[in-house]
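Have a look at the structure below, then the notes.
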Amino acid sequence: MNTNSKSIAFDVEKIRKDFPILSRKVNGYPLVYLDNAATSQKPQVVIDALVDYYSNYNANIHRGVHSLSQEATDAYEQAREKIRAHFNIKKTREVIFTAGTTHAINLVASGFRKILQKGDELIVSALEHHSNIVPWQMLCEETGAVLKVLPMNEQGELDLVEYINLLSNKTKLVFVNHISNALGTINPIEEIIEKAHKVGAAVLIDGAQACSHIKPDLQTLNADFYTCSAHKMCGPTGVGILYGKEGWLAKLPPYQGGGEMIKEVTFEKTTYAELPHKFEAGTPNIADGIAFGVALDYLNTIGFDAIANYENQLLEYATEKLLEIEGLKIYGTSAHKTSVISFNIKNIHPYDIGTILDKLGIAVRTGHHCAQPIMDFYNIPGTVRASFAFYNTFHEIDVLVEAIKKAKVMLT
Ligand SMILES: *Cc1c(COP(=O)(O)O)cnc(C)c1O
């Protein structure tokens, strides 16, 4: 494969200049950042948006009559509108700002406390991040609902035959990630949603790992809830969204009480604000919300088709090169996967490999990746995970492969 012509066609070198952190050194070596599934790096435009807000129009929103407050409110609501358009969400009031995916899932799980009854069934997939498992376990403990597990196979794919068997008119909710952060599997969520709806169950899709790689069309997808975190999409930490169908959001009670989420408060009775504010108690994360909108603009300028195409080439190249290393095993081998590679080398603990790679300036993740059930499935303590973004290069993959070979020699 002629890697040079491909990387030049995408102009990754030009893109890399947008990310100041990518030119730093770590432990004396040029940084090779391959922990994008944990969080992405930030382009200068996003960093500038944060500085601009705090330097020029910092004010609390939605309540002030003064000009700064108006400017801040406009910018924040414009960001909500950008998010709505990006995901092709029908109504602006279906876009709830949250602190991120974890917060969004807890909000929904909490909302179902009064809706579920003893004996109701919920289906969780075997590929989930802990943030899409634990809130539901807490909900089941409180309500007496039962959590059923949709199993996976050796390739890291969900078993859709078993899914059909699990579904019944007792099923009230199904929750699955769009893309697995631990293995990279892209799940067949269209089919999962359609089958759940046939038995009257609602579906929450955890899009935290997907939204940096693909651009979901939420009206076509027809999920009842969809979540993501800005920090995995070149945006800041501490902000994300919950999309919910208006019917569901109207039905769920508020998650937190406070300012911003009320219509009228007396000591006898409080009435709640309209959507989306009903779920946005307190002063929101204004600067980061605005910068999230800027991150979406940035990603859309590059274009999600170009991103997916380039990342697929990186995935293919890295898979091929890594498999040339004797004793290396990749976990998650679905034909439908994104640029995440989880692997181990025979008889070597993932942590030891990660430590040596770090000494050489290479950032990878080691451990269970907040998905312990997947590690239990494979009967391993964890993996080394290299996850690629559109600003990574073929050269960085070569550097990774050479470093792993070196680590292997040192550790055996
Ligand atoms: C990162 C991630 C989460 C958690 O997101 P937070 O931003 O930490 O709330 C949940 N699910 C998946 C699939 C993820 O990749």
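In listed order, ligands and their atoms are each counted from 1.
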For Tyr76 together with Tyr57, are the ring centres under 6.0 Å from each other? no
Partners meeting side-chain hydrogen bond (donor to acceptor under 3.5 Å, both in side chains) with Glu77 (sequence neighbours left out): His62, Arg80
Selection residues 229-258 - residue pairs positive for salt bridge (Lys or Arg N to Asp or Glu O under 4.0 Å), sequence neighbours left out: Lys91-Glu246, Arg93-Glu246, Asp224-Lys245
Present, as a list of atom pairs with distances to 0.1 Å, all nitrogen or oxygen contacts under 3.5 Å between ligand 1 and the protein.
residue, atom, partner, partner atom, Å
ligand 1, 7 (O), Ser229, OG, 2.7
ligand 1, 7 (O), His231, NE2, 2.8
ligand 1, 9 (O), Thr102, N, 2.9
ligand 1, 9 (O), Thr102, OG1, 2.6
ligand 1, 11 (N), Asp206, OD1, 3.3
ligand 1, 11 (N), Asp206, OD2, 2.5
ligand 1, 15 (O), Gln209, NE2, 2.7
ligand 1, 15 (O), Lys232, NZ, 2.7

Quick check for you: to the nearest 0.5 Å, what is the distance between Glu157 atom CD and Asn187 atom CG? 9.0 Å
Partners passing side-chain hydrogen bond (donor to acceptor under 3.5 Å, both in side chains) against His213 (at least two apart in sequence or in another chain): Glu311, Thr338
Before accepting this row, confirm whether a basic side-chain N of the pair Glu194/Lys198 lies closer than 4.0 Å to the acidic partner's carboxylate O. yes
